[in-house]
Amino acid sequence: MDDRLYFDTINSVVRQIPAGSVMSYGQVANLAGCTARVAGWAMANVSEDDVPWHRVVGSDGYLRIGRRSVALKELQQRLLREEGVTFRTDDRVDMARHQVDGS
DNA sequence: ATAGTGACAAATG
DNA sequence: TCATTTGCCACTA
């Protein structure tokens, strides 16, 4: 796993997300110059502590964490709430308020 | 080299 | 509105 191609680029993009804001995987992917799947792969394999992976959510605002990792999902939700991110009753992020305008 | 998989997303039916 | 398909790119067996 030394290639990391987009790995580093994606990490740097995610690091620039301000606290209290979120980005969709597609948004990160666009800025990093790759596709949404690669962004998801990068988040799934992130191992550095300075990467706020919890600020990356699905384009529809849902916290998508595969393999039914409920604990991880709740962790993400908790971290976001600490930063002032508000959630709707559907357990999804209020994108209109917190999504970063990259374009 | 081929096939299957995945923390995605947009298009279809 | 929900379920399925397709496009996408990297990884693993």
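Proteins come first, then strands; the chains are lettered A, B, ... in the order of their sequence lines, and each starts at number 1.
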Residue pair Glu83(A) / His54(A), side-chain donor-acceptor N/O under 3.5 Å: yes
Nucleotide dA9(B), atom C1' - distance to OH of Tyr25(A) in whole Å: 12 Å
Ion pair Arg92(A)/Asp60(A), N-O distance below 4.0 Å: no
Rounded interatomic separation in angstrom, taking CD1 from Ile65(A) and P from dG6(B): 15 Å
Separation of atom CE in Met43(A) from atom P in dA9(B), rounded to whole Å: 13 Å
Heavy-atom donor-acceptor pair, Arg55(A) side chain to Ile17(A) backbone, under 3.5 Å: yes
Check: Asn45(A) side chain, Trp41(A) main-chain N or O, donor-acceptor pair, under 3.5 Å: yes
Gln77(A) vs Leu63(A), side-chain contact (heavy atoms from CB on, under 4.5 Å): CA-CA, chis, key distance, verdict: CA-CA 8 Å; Gln77(A) 184 178 3; Leu63(A) 307 182; 3.8 Å; yes
Side-chain donor/acceptor of Gln76(A) to backbone N/O of Leu72(A), under 3.5 Å: no
Every protein N/O within reach of nucleotides 3-10 of chain C N/O, cut-off under 3.5 Å:
residue, atom, partner, partner atom, Å
dG7(C), O6, Arg37(A), NH2, 3.1
dC8(C), O2, Arg37(A), NE, 3.3
dC9(C), O4', Thr35(A), OG1, 3.3

Nucleotide dA10(B), atom C1' - distance to CZ of Arg64(A) in whole Å: 12 Å
Separation of atom CG in Asp91(A) from atom P in dA7(B), rounded to whole Å: 19 Å
Nearest-Å distance for atom pair CG/C1', residues Asn45(A) and dC11(C): 9 Å
Atom-pair distance (CD on Gln27(A); P on dA10(B)), nearest Å: 10 Å
For atom CE of Met23(A) and atom C1' of dA7(B), their distance in whole Å: 17 Å
